[in-house]
Every structure is written in structure tokens, then in C-alpha cells.
Amino acid sequence: MTTLTVTGLNKTYTLRSGLQFSRLQAVKDVDLELSAGRTVALVGQSGSGKSTIAKILAQLEKPTSGTIMLDGAPIGTRGRALAHYRDHVQMVFQDPFASLNPFHTIGHHLERPLLLHGKATRATLRAKVCELLERVNLTPTDSFIERRPHELSGGQRQRVAIARALAPEPTVLIADEPVSMLDVSIRLGVLNLLARLQREENLAMLYITHDLATARHFSDEILVMYRGEVVERGPADQVILDPQAEFTKQLLVAAPEPGNNPRFLAEARRRGVPMPDHLAPAEETS
Ligand SMILES: Nc1ncnc2c1ncn2[C@@H]1O[C@H](COP(=O)(O)OP(=O)(O)O)[C@@H](O)[C@H]1O
Ligand SMILES: [Mg+2]
């Protein structure tokens with residue numbers, strides 16, 4: 001049973017403007033645990049540090065401090081140990097345009113990780129690619145292999161990105177706002193796909209979103225972030241139905257889907273809880 005444990009994670013960026021330097025603490029003392037078969041949602045407004053955590057977990061950024069353990073052992077950051085980590089921990093990014101190479105075919109995008117992670121040989125490659133495409137419902141598979149990213153819709157591209165993340169047969173999947181750049185009408189389909197794969201593969205999943213409604217629906221536990229800190233955490237239903245932190249309450253009031261929690265909203269209205277304008281409901285980017 002895979003577990004990824006993060007303790008006391010901090011990330012400070014040094015910003016330079018002209019001759020002036022300043023420091024920005026993007027992530028403050030975050031603890032979280034991802035375990036097999038469970039989905040944890042990381043929810044917060046834009047700029048709250050969600051992607052920074054995702055990038056640190058994917059080892060695309062180095063933390064300023066904190067420890068990350070995979071199955072009880074400190075993670076390797078170089079050489080074979082890093083390769084082992086990448087076998088286990090994979091990521092799906094927000095923007096399926098930016099994450100696929102426009103010059104390469106869909107087949108190439110899937111062949112590369114299969115070979116790199118030793119999950120296929122030249123002889124089994126084609127069958128393995130087809131199997132991945134089938135798992136993300138891109139069928140008939142032959143019609144996708146030779147195509148390039150621009151010949152696919154946004155939703156299809158994100159499915160390719162998901163298939164690519166599955167190629168190394170990871171045990172942990174980090175999905176950073178995987179549907180926020182997709183057309184509203186197809187978001188649920190992609191989220192349902194992620195949920196099915198998570199169940200089938202018994203994945204430990206981190207689902208990053210600014211949307212509390214899908215966080216509730218698709219996760220077991222919710223962590224609410226505000227300015228780099230986790231201000232509330234708990235079982236998904238509990239956080240939504242009985243929020244404790246002021247910021248969680250504000251998020252719920254500002255939630256784009258009022259159906260999220262009608263009882264809470266009615267109560268908030270009755271009590272005149274103010275809606276902060278930095279939580280513009282229509283926001284879709286990062
Ligand atoms: N490479 C970077 N250099 C400097 N500041 C950064 C960098 N990446 C992110 N930040 C800052 O860190 C904060 C958190 O960003 P991010 O993790 O992307 O938030 P979120 O994903 O929740 O929108 C923001 O204030 C952002 O501007
Ligand atoms: Mg982000």
C-alpha cells in the first residue's frame with residue numbers, strides 16, 4: 001500500500017524587481033498524506049500555493065524545507081532513486097495544450113514513457129499504446145496514434161496526458177486543476193474518468209481544484225489552502241457541511257455552484273456573511 005507523506009513543507013521564492021529583492025512564502029508548513037485508494041482534494045483560490053505543492057511532489061521544484069517520504073523512506077532526488085520515484089509519482093497538468101508537444105504524434109507521447117520506464121519492449125509497444133488509449137476511452141485507438149495534439153479537442157488532449165501519466169504504472173497521481181481549462185460541458189467526463197482510473201488502479205490521488213463541489217464529489221478528504229497555509233482539513237462531507245475556518249465559509253458562499261450546499265448558503269445569507277470580491281465565481285485560470 002503506497003503512501004506519500006509530506007511533513008512541514010515550505011517553499012519561499014525570492015522575487016527580484018530591479019535592485020530590490022523580496023521573499024514570498026508560497027507554501028507554509030504543509031503536512032499531507034496520500035495513500036492508496038484515497039483521493040485528497042487540495043482546494044484554494046488562485047495563488048494559494050496549490051501548484052507549488054504539486055510541482056514539489058512531482059520533483060519539478062525543490063522545497064525550501066520539509067520532508068517527503070514514499071512508503072516510509074525519504075525520497076530520492078537523483079539518479080536511480082529519482083527514476084524510481086518517477087515510476088511511482090506522476091502528474092497531470094492543468095493545460096493540455098502546453099503539456100503535449102505539438103510536433104509529436106499521440107503514439108510518440110505514449111511510447112516514450114513506456115520505453116523510458118521499462119513498461120514495454122519494441123515488440124509490445126504498439127499493443128501497450130493501444131491499451132493506454134483504450135483505458136482513457138480514446139477509441140478506435142488506431143485513429144489516434146498517428147494524430148498530433150492540435151488535431152484533438154481539449155478533452156481528448158487531456159485524456160492523452162492522463163494516459164501518458166499512467167504509462168509508468170504509477171501508484172500516486174497528482175492532478176493539478178485537470179479540467180479547469182476544458183469546456184464546461186466535458187469537465188465531468190474527464191473527472192469521472194480520473195475517478196474510475198483511481199479506483200481501478202487503487203491510486204493515491206491528489207486532486208487540486210478551486211471548485212468545492214467537485215472536491216466534495218471526487219475526494220475522501222479536503223484540505224483548504226489560503227495564502228500558502230492549510231487552514232482546514234477533514235473528511236470531504238464534514239468540511240463542506242460543517243466548515244470551521246472563516247476562509248472555507250467564504251469559499252462556500254462564493255462557490256460557482258450554489259447547489260453545493262443550499263443549507264449552508266441559506267444560513268450564510270441569513271447571517272449576512274460578506275462575499276469577498278477576490279473570490280470571483282467565474283474564475284477559471286490557475
Ligand atoms: N517560479 C516562481 N517564482 C516566483 N513566485 C512564484 C513562482 N511560482 C509561483 N509563485 C508564486 O507563489 C504563489 C503560489 O503560486 P501557485 O502555487 O501557482 O498557486 P495556485 O496554484 O494555488 O494558483 C503565487 O503568489 C505565485 O505568484
Ligand atoms: Mg495552480
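In listed order, ligands and their atoms are each counted from 1.
Considering only heavy atoms from C-beta on, V224 comes within 4.5 Å of F247 through its side chain.
On a distance-only criterion, A26 and ligand 1 share no N/O pair closer than 3.5 Å. For ligand 1, one of its N or O atoms has an N or O atom of S51 under 3.5 Å away. In terms of polar-atom proximity, T52 is counted as a contact of ligand 1, with an N or O under 3.5 Å from an N or O of the ligand. Considering both main-chain and side-chain atoms, G47 comes within under 3.5 Å of ligand 1 through a nitrogen or oxygen pair.
Residues in residues 69-78 take part in no side-chain hydrogen bond (donor to acceptor under 3.5 Å, both in side chains) pair, two or more places apart or across chains.
When heavy-atom distances to ligand 1 are checked against a 4.0 Å cut-off, D176 has no atom that comes that close, whether in backbone or side chain. Of the heavy atoms in I208, none comes closer than 4.0 Å to ligand 1.
At least one heavy atom of Q45 sits less than 4.0 Å from an atom of ligand 1. Put simply, part of S46 is less than 4.0 Å from ligand 1, judged by heavy atoms.
Residues meeting the ring pair (Phe, Tyr, Trp, His ring centres under 6.0 Å) test with H104, sequence neighbours left out: H108.
At distances below 3.5 Å, at least one donor-acceptor pair connects side-chain atoms of R233 with backbone N or O atoms of D31.
A salt bridge does not link E200 to R135: none of the charged side-chain nitrogens sits closer than 4.0 Å to a carboxylate oxygen.
Across R23, E177, K50, heavy-atom proximity to atom 22 (O) of ligand 1 is greatest for K50.
The closest side-chain donor-acceptor pair between T209 and D211, if any, does not fall under 3.5 angstrom.
In the vicinity of L15, heavy-atom distances shorter than 4.0 Å reach the ligand 1 atoms 4 (C), 5 (N). Which parts of ligand 1 touch S48 is read off a 4.0 Å heavy-atom cut-off, strictly below it: atoms 19 (O), 20 (P), 22 (O).
Taking backbone and side chain together, S51 holds an N, O or S atom under 2.8 Å from the Mg ion (ligand 2).
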* Test side chain to side chain contact (heavy atoms under 4.5 Å, CB included) on N192 and F218 and set out the steps. => CA-CA 8 Å; N192 280 327; F218 289 99; 3.5 Å; yes
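No more than 12 heavy atoms of other residues, nucleotides or ligands sit less than 6.0 Å from atom CZ of F97.
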